[in-house]
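Start at 1 and go down the list; that is how both ligands and their atoms are numbered.
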Amino acid sequence: MPPPTPTVWTVRALLVWTTDFLKTKGVEAAKLEAELLLAHVLQTDRTYLTMRFDEEPTDAERAKYKELITRRLAGWPVAYLVGSRGFYLLNFDVDPAVLIPRSDTETLVGEALKRLKPLTAPAVLDIGTGSGCIAVSLAHQKKDSHVTATDVSPDALAVAKRNAIKNNVADRMTFLQGDLFAPLPAGVTFDLVVSNPPYIAQSEFAELAPDVRDHEPRVALDGGPDGLAFYRRIAAAVGPFLKPGGSLLLEIGWKQDAAVRALIAEQPELELGPTIKDMGKNPRVVT
Ligand code: SAM
Ligand code: GLN
């Protein structure tokens with residue numbers, strides 16, 4: 001049963017009603033999502049909504065809000081509906097060509113920044129940059145770095161470029177389209193290579209949350225039959241692209257630590273470091 005309708009649709013009334021409604025539909029973060037969608041319609045930030053509690057949105061705004069709620073309940077992720085997602089310290093444009101940045105991936109950014117801090121003008125490579133959330137965050141935090149970002153998807157690269165411009169780091173970034181290391185010029189080397197590659201095993205697609213499985217790009221998720229295809233290829237090919245003493249950081253799925261460490265251990269020129277855990281205490285970044 002939908003909650004009772006109020007007589008005057010103020011911002012407050014809309015939020016209260018929608019939060020209840022989304023809850024009845026089983027949406028977990030109902031209040032947050034109700035706020036994010038309304039803030040988007042009113043072209044404001046979620047944190048400013050409280051100051052507008054007594055305002056009455058126009059009929060057109062209410063109609064737009066209703067449409068977004070309908071699409072949300074049909075399974076569309078909120079980040080695609082509002083066109084952006086916060087990650088690390090910045091805001092990123094997103095569209096269905098890119099994976100929505102995950103908070104788990106902030107673990108990789110934190111570890112990368114630790115390693116970049118003592119270096120002067122480091123060269124960084126991000127493979128499979130997607131929205132550019134990792135690459136742009138690194139360029140933004142380490143002001144004398146140069147970050148090269150690659151992706152096989154031209155549509156994803158277009159989003160990443162937009163995010164670099166929007167966050168004022170485009171002048172210290174290079175974007176290259178192609179398969180893994182293929183688009184890099186011969187002989188180029190990096191102090192740090194990072195990647196959050198597709199790592200879902202094809203056999204596990206059926207178990208993915210429907211929002212992810214049905215709306216996020218398959219090319220961003222599909223890690224081959226066992227989910228390890230990209231780790232295998234990156235481990236085998238990264239050697240010549242690392243400067244002496246350079247680092248490789250790979251985000252992994254929480255069950256993949258042993259398998260990815262074994263793949264790295266097979267490469268004589270790579271030396272295994274610790275696996276870094278995420279906030280949920282799961283193994284998340286192999287170094
Ligand atoms: N780095 C972003 C992040 O952390 O949110 C996106 C990560 S997403 C899991 C993987 C990305 O790798 C996607 O953007 C996808 O287009 C890209 N990709 C898939 N296959 C690739 C390949 N063969 N070479 C380069 N990039 C690839
Ligand atoms: N963390 C993503 C998910 O499980 C997967 C991202 C990836 O394949 N790198 O939804």
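For ligand 1, none of its N or O atoms has an N or O atom of Ile127 under 3.5 Å away. Ligand 1 has a nitrogen or oxygen under 3.5 angstrom from a nitrogen or oxygen of Gly128. Considering both main-chain and side-chain atoms, Asp126 never comes within under 3.5 Å of ligand 1 through any nitrogen or oxygen pair. Here's the thing with Thr129: one of its N/O atoms is less than 3.5 angstrom from an N/O atom of ligand 1. On a distance-only criterion, Thr105 and ligand 1 share no N/O pair closer than 3.5 Å. For the pair Ala156 and ligand 1, the shortest N or O to N or O distance does not fall below 3.5 Å. Backbone and side-chain nitrogen or oxygen atoms of Ser153 are examined, and none is located within less than 3.5 angstrom of a nitrogen or oxygen of ligand 1.
Protein heavy atom nearest atom 24 (N) of ligand 1, with residue, atom name and distance: Leu180 N, 2.9 Å. Closest to atom 9 (C) of ligand 1, if we only count protein heavy atoms, is Ala220 O, 2.9 Å. Annotation: atom 4 (O) of ligand 1 to nearest protein heavy atom, Asn196 ND2, 2.9 Å. Nearest protein heavy-atom contact of atom 13 (C) of ligand 1 is Asp151 OD2, 3.5 Å.
At least one donor-acceptor pair closer than 3.5 Å links the side chain of Arg172 to the backbone N or O of Ala139.
Put simply, CG on Leu221 and CZ on Phe205 are 5.0 Å apart, with the number rounded to the nearest 0.5 Å. Interatomic distance, CZ of Arg261 versus OG1 of Thr287, reported as 7.0 Å (0.5 Å rounding). Distance check, rounded to the nearest 0.5 Å: NZ of Lys66 to CG of Asp59 gives 11.5 Å. Note that CG of Leu37 is 7.5 Å distant from CG of Leu22, once rounded to the nearest 0.5 Å. From Asp126, atom CG reaches atom CG of Leu192 across 9.5 Å, with rounding to the nearest 0.5 Å.
A salt bridge does not link Arg52 to Asp54: none of the charged nitrogens lies less than 4.0 Å from a carboxylate oxygen. Looking at Asp179 and Arg233, a side-chain N of the basic residue comes within less than 4.0 Å of a carboxylate O on the acidic one, giving a salt bridge. Contact check on Arg72 versus Asp211 returns a salt bridge, with a Lys/Arg side-chain nitrogen under 4.0 Å from an Asp/Glu carboxylate oxygen. Between Asp226 and Arg232, at least one side-chain nitrogen of the basic residue sits less than 4.0 Å from a carboxylate oxygen of the acidic one, meeting the salt-bridge criterion. With respect to Lys114 and Glu111, a salt bridge is recorded, a charged nitrogen being found less than 4.0 Å from a carboxylate O.
Heavy-atom contacts of Asp179 reach the following atoms of ligand 1: 22 (C), 23 (N), 24 (N) (cutoff under 4.0 Å). Distances below 4.0 Å separate heavy atoms of Phe230 from the following atoms of ligand 1: 20 (N), 21 (C), 22 (C), 23 (N). Listed by number with element, the atoms of ligand 1 under 4.0 angstrom from any heavy atom of Val219 are 15 (C), 16 (O), 19 (C). The distance from ligand 1 to the heavy atoms of Gly178 drops below 4.0 Å at these ligand atoms: 24 (N), 25 (C). Shown in contact with Leu99 at under 4.0 Å from a heavy atom are these atoms of ligand 1, numbered in order with element: 5 (O), 9 (C). Residue Cys133 approaches ligand 1 through these ligand atoms, each under 4.0 Å from one of its heavy atoms: 3 (C), 4 (O), 5 (O).
Trp17 and Trp9 have perpendicular rings, their planes meeting at more than 60° on a 0 to 90° scale where under 30° would count as parallel.
Contact shell of ligand 2 (protein heavy atoms, cutoff 4.0 Å): Arg102, Asn196, Pro197, Pro198, Tyr199, Ile200, Val212, Ala220, Leu221.
Under the 3.5 Å distance criterion, with hydrogens and angles disregarded, no donor-acceptor pair is assigned to the side chains of Lys31 and Thr19. Side-chain contact, Asp45 with Thr47: a donor N or O sits under 3.5 Å from an acceptor N or O. Counted by atom type alone, Arg115 and Ser247 present one or more donor-acceptor pairs between their side chains at under 3.5 Å.
Using a 4.0 angstrom heavy-atom cutoff, Val98 does not count as in contact with ligand 1. The closest approach between a heavy atom of Gly132 and any atom of ligand 1 is not below 4.0 Å.
Residue pairs satisfying the ring pair (Phe, Tyr, Trp, His ring centres under 6.0 Å) criterion with at least one member in residues 26-80, sequence neighbours excluded, are listed as follows: Trp76-His215.
Both the backbone and the side chain of Val152 come within 4.0 Å of ligand 1, counting heavy atoms alone.
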